[in-house]
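See below for the structure under consideration.
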Amino acid sequence: MQRTKIAELIRTEPVGTEVLVKGWVKAFRNNQFIALNDGSTGSNLQVVVDFEKMDAAILDRIKFGAAIGARGTLIESQGKGQRIEVVASEVEIYGDCNPEVYPLQPKKQTLEFLRENAHLRFRTATFAAVFRVRHALAFAIHKFFNDRGFYYLHTPIITASDAEGAGEMFRVTTLPFDGTPRNEAGEVDFTQDFFKRSTNLTVSGQLEGELGAMALGDIYTFGPTFRAENSNTTRHLAEFWMIEPEVAFADLEDNMNLAEDMLQYVIRYALENCADDLKLLEDRLIEEEKSKPQDQRSELSLIEKLRFVLDNQFVRLTYTEAIDILKNSNPNKKGKFQYPVEGWGTDLQSEHERYLVEKHFKKPVILTNYPAEIKAFYMRQDDPKEGVPGPTVSAMDILFPGIGEIVGGSQREERYDRLVRRMEEMHIPAEELSWYLDTRRFGACPHAGFGLGFERLVLFITGMTNIRDVIAFPRYPGNAEF
RNA sequence: GCCUCAUUAGCUCAGUCGGUUAGAGCGGCGGACUGUUAAUCCGUAGGUCUAAGGUUCAAGUCCUUAAUGAGGCGCCA
């Protein structure tokens, strides 16, 4: 007999038919009622067994966590709390689960405990919901770009370019640590390495992405990204997934529109396709915040927050405008900022970004036209503008409440001379990036793109608070478990 | 990397001013009940108080160092 998934049964409710269901025991109440979950939905299916007729040896093996199959008739539930249930005529045990040694318990477990048992945490309702939503978001991103005529470009994971300055890199090598080959100058001789040169894991697919965009028009990447920064926060991972669209014949305005459309599209997709899981995550968040003082709780529920992002345009303002707002803000005047906002030209601290997003505007904010000094070499140099103290670039950062920077992007500097001059100023070796500069020598065009931290998006949409809880097996300083 | 806080039963936590035998809930185990919904009821076992050193007549409690975890900051997506 063909097994039916629980999500299918709940959707179609084929009352009166014989069904076979397979899943894991989430509860066994009253020696009679099995709550069965197979991962197809957060909802459990109630399987009713007749303990007087059932083999006692089987009955005894129906434990929390055990994998079982149950065959029987699907009926309208005789009890409250669910619409349908299966009256089992036969129960088969596939895998026992000894409660004396099984780390999980049918109770609330802390996220910290589950993080240490990441190999088992998919089995909890919260994490199953997180990973179903994560899947839906990944799918929605591909759908969004595909429907708009973007091509999914796989940029390399191993890269020889060390010139981006996007962060510390993980070295990739097959050279031995003991007796590492040296050249005459005493330096490590990378000509003997696998690639005959020094290589690292990628910190960004952008430069390669730009190459694709110069022929395919609109491309995006969606792949693993590695940063060897010693970052210990709830927003950073050493291995994370990044989405990087790159669009030919586009300027900063187009770039902002694309990013805002994409974020709203995937949030709408999640609301429409993950309603049950989002409700579960919303309830979890409410429960978690009960232990917090009133003023630290969220003003909006999770689903309200997501709808709010859909219903409101993101605020767009320049760095220069943001500095003015911050300078004149109450916390700045009263000395409440740890880093007082004094002048134009320094980077914003996360407390400043939080103030703008969470207190001043209370909605997502796109900050643009940052000082050139604090941004990457490839960003397009703006024309001087009245009231702006120094040179700026066509950069944009999208700031989300609770997350901070979720998107960072820019219009790219397509003018060869200006790009090369900027690289010289920033001591970036042009010869190493000659392939990149070729895009500016042959058929250059205005273009723009951005990077979206996928886990930060998942974090925002699931209402989880630690990025280590929205990726299956998080990698961060001191931890590469599982 | 810096700052703050934490570490007591399988899990979540309480433990008073340093003072006799370290407690609770959940979970486990045994039993009862049998239309339950975190099932309920009765009984029961379970502890190197993170580690090492120190102060003291006496340390879960005070001090030092370390490990691990959490949160904040920096770096950023």
Side-chain angles (χ1 to χ4, degrees), chain A residues 26-35 43-52 59-60 63-65 75 77-82 85 87 98-117 124-125 164-168 203-206 221-222 224-244 259 287 291-292 296 337-339 347-354 374-376 397-400 403-409 450-460 465-469 471 476-479 481:
Chain A
K26 293 292 154 185
F28 187 30
R29 289 183 286 268
N30 223 357
N31 219 10
Q32 205 175 359
F33 302 101
I34 302 167
S43 305
N44 299 331
L45 179 70
Q46 176 151 288
V47 175
V48 188
V49 298
D50 185 340
F51 59 88
E52 285 174 333
L59 216 53
D60 200 45
K63 299 286 190 189
F64 177 70
I75 62 165
S77 180
Q78 307 296 294
K80 287 174 183 160
Q82 58 281 317
E85 63 193 22
V87 182
N98 181 355
E100 281 185 85
V101 290
Y102 185 45
L104 300 186
Q105 294 172 10
K107 58 174 276 192
K108 181 176 286 183
Q109 311 257 204
T110 60
L111 296 174
E112 290 81 5
F113 174 77
L114 294 169
R115 219 170 280 152
E116 287 169 15
N117 292 277
T124 66
E164 281 174 46
E168 290 297 310
V203 291
S204 166
Q206 180 202 316
T221 74
F222 188 165
T225 309
F226 307 88
R227 305 263 167 99
E229 306 284 340
N230 189 11
S231 297
N232 296 286
T233 79
T234 54
R235 308 181 304 283
H236 290 85
L237 291 165
E239 175 183 291
F240 63 100
W241 289 69
M242 187 153 67
I243 295 113
E244 295 177 287
E287 197 60 36
S291 61
K292 288 185 177 175
Q296 284 176 32
F337 283 141
Q338 194 190 336
Y339 299 89
D347 213 349
L348 300 181
Q349 303 292 322
S350 51
E351 62 177 342
H352 305 143
E353 296 178 350
R354 292 184 85 107
I374 58 173
K375 288 291 183 185
D397 283 1
I398 302 186
L399 310 176
F400 264 30
I403 309 289
E405 187 179 341
I406 194 166
V407 163
F450 62 83
L452 167 75
F454 184 55
E455 281 76 16
R456 289 190 180 175
L457 177 68
V458 181
L459 201 56
F460 181 75
T465 46
N466 191 321
I467 202 164
R468 298 170 187 177
D469 293 333
I471 187 166
Y476 49 94
N479 198 298
E481 194 72 29

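Order of the sequence lines fixes the chain letters, A, B, ..., with proteins taken first and strands second; residue numbering starts at 1 for each chain. In this text, all values refer to a predicted model and were calculated from it rather than measured experimentally.
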Exercise: identify the closest heavy-atom pair between Val203(A) and Met242(A):
O-CE, 3.8 Å
For Glu85(A), answer base if it contacts any base atom (sugar-phosphate contacts may also be present), sugar-phosphate if it contacts only those atoms, and nothing otherwise; contact means non-hydrogen atoms under 4.0 Å.
base
Contact class for Thr233(A) vs. all strands (heavy atom < 4.0 Å): base, sugar-phosphate, or nothing?
base
Distance, P atom - from G1(B) to A22(B), rounded to whole angstrom:
40 Å
Expressed in angstrom and rounded to an integer, what is the separation of Phe33(A) atom CZ from A38(B) atom P?
13 Å
Which residue lies toward the 5' end of RNA chain B, Ala27(A) or Glu112(A), if each is placed at its nearest nucleotide?
Ala27(A)
Phosphate oxygens OP1/OP2 of A39(B): is one of them under 4.0 Å from a side-chain N or O of Arg29(A)?
yes
When the C1' atoms of A38(B) and G74(B) are considered, how many whole Å apart are they?
42 Å
Looking only at side-chain atoms of Gln109(A), point me to the closest of C11(B), G69(B), A70(B).
C11(B)
P atoms of U16(B) and C63(B), separation to the nearest Å
14 Å
At under 4.0 Å between heavy atoms, how does the protein contact nucleotides 24-31 of chain B? Give one character per nucleotide, 5' to 3', with B, S or -.
-BBSSS--
Can you work out whether Gln349(A) or Leu237(A) has the more 5'-proximal nearest nucleotide on RNA chain B?
Gln349(A)
Detail all sub-3.5 Å separations between protein N/O atoms and N/O atoms belonging to nucleotides 44-47 of chain B.
none

Tell me whether the side-chain N/O atoms of Asn30(A) come closer than 4.0 Å to OP1 or OP2 in U36(B).
no
Have a look at Glu351(A) and say if it touches a base, only the backbone sugar-phosphate, or nothing, with a 4.0 Å heavy-atom cut-off.
nothing
Of the listed nucleotides (G74(B), G69(B), G1(B)), which one gets closest to any side-chain atom of Asn232(A)?
G1(B)
Quick one: Gln206(A) CD to C76(B) C1', roughly how many Å, whole number?
14 Å
Using a heavy-atom cut-off of 4.0 Å across all strands, would you classify Val101(A) as base, sugar-phosphate, or nothing?
nothing
Please state how far atom CZ in Arg354(A) lies from atom P in G74(B), giving the value in whole angstrom units.
10 Å
State yes or no: are the ring centers of Phe454(A) and Phe240(A) separated by less than 6.0 Å?
no
Rounded distance in Å - CG (Leu59(A)) to P (U34(B))
15 Å
Could you tell me whether Ile403(A) contacts a base, only the sugar-phosphate backbone, or nothing, with contacts defined as non-hydrogen atoms closer than 4.0 Å?
nothing
Mind checking if Gln78(A) touches a base, just sugar-phosphate, or nothing, with heavy atoms under 4.0 Å?
base
Measuring only between side-chain heavy atoms, which start at C-beta, is Phe64(A) closer than 4.5 Å to Leu104(A)?
yes
Atom-pair distance (CZ on Phe51(A); P on A32(B)), nearest Å:
11 Å
Suppose you measure atom C1' in G46(B) against the same atom in C26(B); what distance do you get, rounded to whole Å?
14 Å
Side-chain N or O of Ser350(A) less than 4.0 angstrom from OP1 or OP2 on C73(B)?
yes
Heteroatom pairs (N/O) under 3.5 angstrom, protein to nucleotides 5-9 of chain B:
none

List the residues meeting side-chain hydrogen bond (donor to acceptor under 3.5 Å, both in side chains) with Asn230(A), not counting sequence neighbours, and say none if there are none.
Asn232(A)
A66(B) and G28(B), which share atom name P, separated by this distance in whole Å:
41 Å
Please state whether the phosphate of C75(B), meaning OP1 or OP2, lies under 4.0 angstrom from any side-chain nitrogen or oxygen of Arg235(A).
no
In whole Å, what is the span from the CD atom of Gln338(A) to the C1' atom of G74(B)?
10 Å
Using salt bridge (Lys or Arg N to Asp or Glu O under 4.0 Å) as the criterion, list what pairs up with Asp347(A), not counting sequence neighbours.
none
Compare all side-chain heavy atoms of Gln46(A) with those of Asn44(A) and state whether any distance is below 4.5 angstrom.
no
Between C1' on A39(B) and CD on Gln82(A), what's the gap in Å once rounded to a whole number?
13 Å
Suppose we call a contact any N or O donor and acceptor under 3.5 Å apart; does that hold for the side chain of Ser231(A) and the base of C75(B)?
yes
Select base, sugar-phosphate, or nothing to describe what Thr234(A) touches, counting heavy atoms under 4.0 Å on all strands.
sugar-phosphate
The salt bridge (Lys or Arg N to Asp or Glu O under 4.0 Å) partners of Lys26(A) (sequence neighbours excluded) come to none
Would you mind classifying the nucleic acid contact of Phe240(A) as base, sugar-phosphate or nothing, using non-hydrogen atoms under 4.0 angstrom?
base
Looking at every strand, decide which applies to Tyr339(A) at a 4.0 Å heavy-atom threshold: base, sugar-phosphate, or nothing.
sugar-phosphate
Counting just side-chain N and O atoms, does Asn230(A) come under 4.0 Å of either OP1 or OP2 of C75(B)?
no
State, to 0.1 Å, how close Leu457(A) and Leu452(A) come at their nearest heavy-atom pair, and which atoms those are.
CD2-CD2, 4.1 Å
Measuring only the C1' atom in each nucleotide, how far is G53(B) from G10(B)? A whole number of Å is fine.
30 Å
Listed partners of Lys108(A) passing side chain to side chain contact (heavy atoms under 4.5 Å, CB included), at least two apart:
Glu287(A)
Separation between the P atoms of G15(B) and A58(B), rounded to whole Å
26 Å
What integer number of Å spans the C1' atoms of C5(B) and A77(B)?
28 Å
Counting Watson-Crick and G-U wobble pairs with both distances under 3.5 Å, what is the dot-bracket string for RNA chain B, 5' to 3', using [ ] for crossing pairs and | for pairs to another strand?
(((((((..((((.....[...)))).(((((.......))))).....(((((..]....))))))))))))....
Spacing between Gln46(A) atom CD and U36(B) atom C1', to the nearest angstrom
7 Å
May I ask you to say what Asn44(A) touches in the nucleic acid, namely base, sugar-phosphate or nothing, with a heavy-atom cut-off under 4.0 Å?
nothing
Non-neighbouring partners of Asn466(A) that pass side chain to side chain contact (heavy atoms under 4.5 Å, CB included), sequence neighbours left out
Arg115(A), Thr234(A), Arg468(A), Asp469(A)
What residues, two or more places apart in sequence or in another chain, satisfy ring-ring contact (aromatic ring centres under 6.0 Å, His included) together with Phe450(A)?
none
With sequence neighbours left out, the residues meeting side chain to side chain contact (heavy atoms under 4.5 Å, CB included) with Ala125(A) are Leu280(A)
Would you mind classifying the nucleic acid contact of Gly79(A) as base, sugar-phosphate or nothing, using non-hydrogen atoms under 4.0 angstrom?
base
Do Trp241(A) and Ile471(A) touch side chain to side chain, with heavy atoms closer than 4.5 Å?
yes
Would you list the pairs meeting salt bridge (Lys or Arg N to Asp or Glu O under 4.0 Å) in which at least one residue belongs to residues 451-460 of chain A, sequence neighbours left out?
Arg134(A)-Glu455(A)
Decide yes or no on side chain to side chain donor-acceptor pair (under 3.5 Å) for Ser204(A) and Glu244(A), but give the supporting numbers first.
CA-CA 8 Å; Ser204(A) 166; Glu244(A) 295 177 287; 2.8 Å; yes
